[in-house]
Amino acid sequence: MYGLWKPRVLGSWKVPATGPVILAVNHSHNIDGPMVIGVAPRASHFLVKKEAFVGPLGPFMRAVGQVEVDRSTADRTAVTRALDILKNGGVLGIFPEGSRGEGDFAALRAGLAYFAVRSGAPIVPVAVLGSSEKRGRLIKALPPLRSRVDVVFGDPFDAGDGSGRRTRKALDEATERIQKQLAAHLDSARRLTGH
C-alpha cells in the first residue's frame with residue numbers, strides 16, 4: 001500500500017495492543033480492505049465475499065488468513081472461523097454495510113452486532129477516505145497511483161448494553177448503537193482530514 005499510494009494513518013494507537021478486536025470499516029472502494037490490512041497496527045482477518053477469492057488471488061487471500069463468506073446463505077463455516085479468531089484474541093475486520101457503497105455506514109447489517117455481542121470484543125471504527133474520490137489514469141478501477149488515502153482509526157467501544165443478552169431485540173439495539181458510533185466517527189474523520 002505504501003508503495004502504490006500515500007496512506008496517512010491517524011489514530012492507529014487506539015487499536016488495543018492485545019485481545020480480541022473488531023475493526024468496522026466503511027467500504028466505498030475495492031482497495032479499502034487491503035489498505036486497512038496494510039496499515040493496521042495488528043494483523044487482521046477480514047470477512048470477504050467468496051466472489052473475491054478467484055484466480056491466484058484466492059489461495060493468497062486464504063494463506064494470509066482472510067475469511068471467505070458465502071453471502072447467499074447463512075455461512076456457518078465463516079461465522080465459526082470469525083468467532084474463533086476473536087476467541088483466540090485476534091483482530092476481525094468487517095465491512096458492516098455488507099457490500100461496497102457510499103461508505104457512510106448508513107445501512108448496517110446485523111452481522112457486526114452479532115459478532116460484537118457474542119464475543120464481547122470491542123469495536124474500533126475505521127474510516128478510509130480518499131480511495132474513491134478520483135480514478136486512476138492507468139487503471140481506472142483504482143485511485144491514482146501515489147495519491148493520498150487517509151485511514152482514521154477511532155476510539156474502541158462496546159456494542160452490548162452490558163446485560164449479556166443475545167436476543168433479537170438486544171442485537172437490534174446494539175446495531176443502532178453501533179450505527180450512531182460509526183456515523184459520528186466518520187463525521188469526525190471527514191472534518192479531521194478534509195475529505
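- His185 places a side-chain N or O within 3.5 Å of a backbone atom of Val152 that can act as its donor or acceptor partner.
- Side-chain contact between Pro41 and Phe153 is present, with at least one heavy-atom pair separated by less than 4.5 Å.
- Ile123 is listed as a side-chain neighbour of Leu112, based on a closest heavy-atom distance under 4.5 Å.
- With sequence neighbours left out, Phe46 forms a ring-ring contact (aromatic ring centres under 6.0 Å, His included) with Phe95.
- Residues Leu129 and Val149 are not in side-chain contact: their nearest non-hydrogen atoms beyond the backbone lie 4.5 Å or more apart.
- No donor-acceptor pair closer than 3.5 Å links the side chain of Ser188 to the backbone N or O of Ala184.
- Here the OG-CD distance, from Ser72 to Glu51, works out to 8.0 Å after rounding to the nearest 0.5 Å.
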Legend entry - Audit row: Ile178, Leu182, side-chain contact (heavy atoms from CB on, under 4.5 Å) steps and yes/no: CA-CA 6 Å; Ile178 291 167; Leu182 298 183; 3.6 Å; yes
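- Residues Pro16 and Val124 form a side-chain contact, since some pair of their non-hydrogen atoms from C-beta on lies under 4.5 Å apart.
- The shortest side-chain heavy-atom distance between Val15 and Arg42 falls under the 4.5 Å cut-off.
- With sequence neighbours excluded, the residues satisfying side chain to side chain contact (heavy atoms under 4.5 Å, CB included) with Phe60 are Leu57, Val64.
- Closest heavy-atom contact between Pro59 and Pro56: CD-O, 3.4 Å.
- Distance check, rounded to the nearest 0.5 Å: CG of Asp187 to CZ of Arg190 gives 6.5 Å.
- Here Lys14 pairs with Asp155 under the salt bridge (charged side-chain N to carboxylate O under 4.0 Å, His left out) rule; sequence neighbours left out.
- The two residues Gly120 and Asp158 come nearest to each other via the heavy atoms O-OD1, 4.2 Å.
- Considering only heavy atoms from C-beta on, Val151 stays 4.5 Å or farther from Arg8 through its side chain.
- Electrostatic pairing of Asp172 and Arg168 counts as a salt bridge here, judged by a charged N lying under 4.0 Å from a carboxylate O.
- By the salt bridge (charged side-chain N to carboxylate O under 4.0 Å, His left out) test, Glu173 pairs with Arg165, Lys169, sequence neighbours left out.
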Donor-acceptor pairs under 3.5 angstrom involving side-chain atoms of residues 75-94: please list them, not counting sequence neighbours.
residue : atom : partner : partner atom : Å
Asp75   : OD1  : Thr77   : N            : 3.3
Asp75   : OD1  : Ala78   : N            : 3.1
Asp75   : OD2  : Asp70   : N            : 2.8
Thr80   : OG1  : Arg76   : O            : 2.9
Asn88   : ND2  : Asp84   : O            : 3.0

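- Between Val67 and Val48 the shortest side-chain heavy-atom distance does not fall below 4.5 Å.
- Side-chain contact between Val126 and Asn26: absent, with no pair of heavy atoms (C-beta onward) separated by less than 4.5 Å.
- The stretch residues 115-127 participates, sequence neighbours left out, in these side chain to side chain donor-acceptor pair (under 3.5 Å) pairs: Tyr114-Arg118.
- By the rule that hydrophobic residues join a cluster once side-chain heavy atoms approach within less than 4.5 Å of another member, Ile31 and Leu10 end up as members of separate clusters.
- Side chain of His45 to main chain of Gly65: a donor-acceptor pair is present (N/O by atom type, distance under 3.5 Å, no hydrogens or angles).
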